[in-house]
Asks: 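Provided herewith is a single structure, encoded as structure tokens, for subsequent inquiry.
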Amino acid sequence: MLALRRNTCLCGTLPAMIDPAKIEAGRELDRLIAETVMGLTPGEPIPPYSTDIAAAWTVVETMIHKDGVYFGAPHFKHKHQNLAALGYPEGTECWYCVINTKLLNKVVLCADTAPLAICRAALLWALKHGPLAE
């Protein structure tokens, strides 16, 4: 799994280690997406990106318009579809997003829900290419 070092965001503080593949849905992830992907400023209402598919879809729409990014909308993998080559145990069932950039070569991020898969992939982009990148 990918673990990344702390970076500074002008809008708030980040946990010392952020692992996009393991981060859970909730207000902290929503805040990170709002600030680093969606460009919201402190004080603006933060949609529930990581738990609501309508809010998460606005993240997809934002990501597909970024230069040099292939962002695959979420798909569902059934138990009979093998994800072992991607580092997931055989029999894994999950929602997944694919992200491909110059620094991210077809990375697949899985989650229990489509909104969380979207947010995990978008957060990975922010850590590598966006305002959180070194």
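Not measured: the values here are computed from a predicted model.
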Asks: So, do Arg120 and Glu24 sit near enough that their side-chain heavy atoms are less than 4.5 Å apart?
Replies: yes

Asks: Which distance, rounded to the nearest 0.5 Å, do you find between the CD1 of Ile53 and the OG1 of Thr113?
Replies: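 Interatomic distance, Ile53 CD1 to Thr113 OG1, rounded to 0.5 Å: 8.0 Å.
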
Asks: Looking only at heavy atoms, which two atoms of Ile46 and Arg27 are closest? And how far apart?
Replies: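 Minimum heavy-atom contact is O-NH2, 3.1 Å.
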
Asks: Which pair of heavy atoms, one from Ala117 and one from Leu109, lies closest together, and at what distance?
Replies: CB-O, 4.1 Å

Asks: So, taking the atom named NZ in Lys66 and the one named CH2 in Trp125, what distance separates them when rounded to the nearest 0.5 Å?
Replies: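 One gets 4.0 Å once the value is rounded to the nearest 0.5 Å.
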
Asks: Give, for atom CD1 of Ile99 and atom OH of Tyr70, the distance between the pair rounded to the nearest 0.5 Å.
Replies: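 Ile99 CD1 to Tyr70 OH: 10.5 Å, rounded to 0.5 Å.
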
Asks: Could you give the distance from OG (Ser50) to CG (Leu123), rounded to the nearest 0.5 Å?
Replies: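 It is 11.0 Å, given to the nearest 0.5 Å.
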
Asks: Please round to the nearest 0.5 Å and tell me the distance separating atom CG of Leu124 and atom CG of Leu104.
Replies: 4.5 Å

Asks: Write down the atom of Glu61, the atom of His65, and the distance for their closest heavy-atom approach.
Replies: O-ND1, 2.6 Å

Asks: Is the shortest heavy-atom distance from the side chain of Pro115 to the side chain of Thr51 under 4.5 Å?
Replies: no

Asks: Is there side-chain contact between Thr58 and Pro47, with at least one heavy-atom pair below 4.5 Å?
Replies: no

Asks: Please say yes or no: joined through hydrophobic side-chain contacts below 4.5 Å, possibly via intermediate residues, are Ile64 and Leu103 part of one cluster?
Replies: no

Asks: Are His129 and Thr101 side-chain neighbours, meaning at least one heavy-atom pair lies under 4.5 Å?
Replies: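 Touching, per the 4.5 Å side-chain cut-off.
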
Asks: Can you find a heavy atom in the side chain of Tyr49 that is under 4.5 Å from one in the side chain of Leu29?
Replies: no

Asks: Which atom names give the shortest non-hydrogen contact between Ala25 and Leu116, and what distance separates them?
Replies: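 Ala25 and Leu116 have their closest heavy atoms at N-CD1, 3.7 Å.
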
Asks: For the atom pair CD (Glu35) and CG (Leu32), what is the distance rounded to the nearest 0.5 Å?
Replies: 6.5 Å

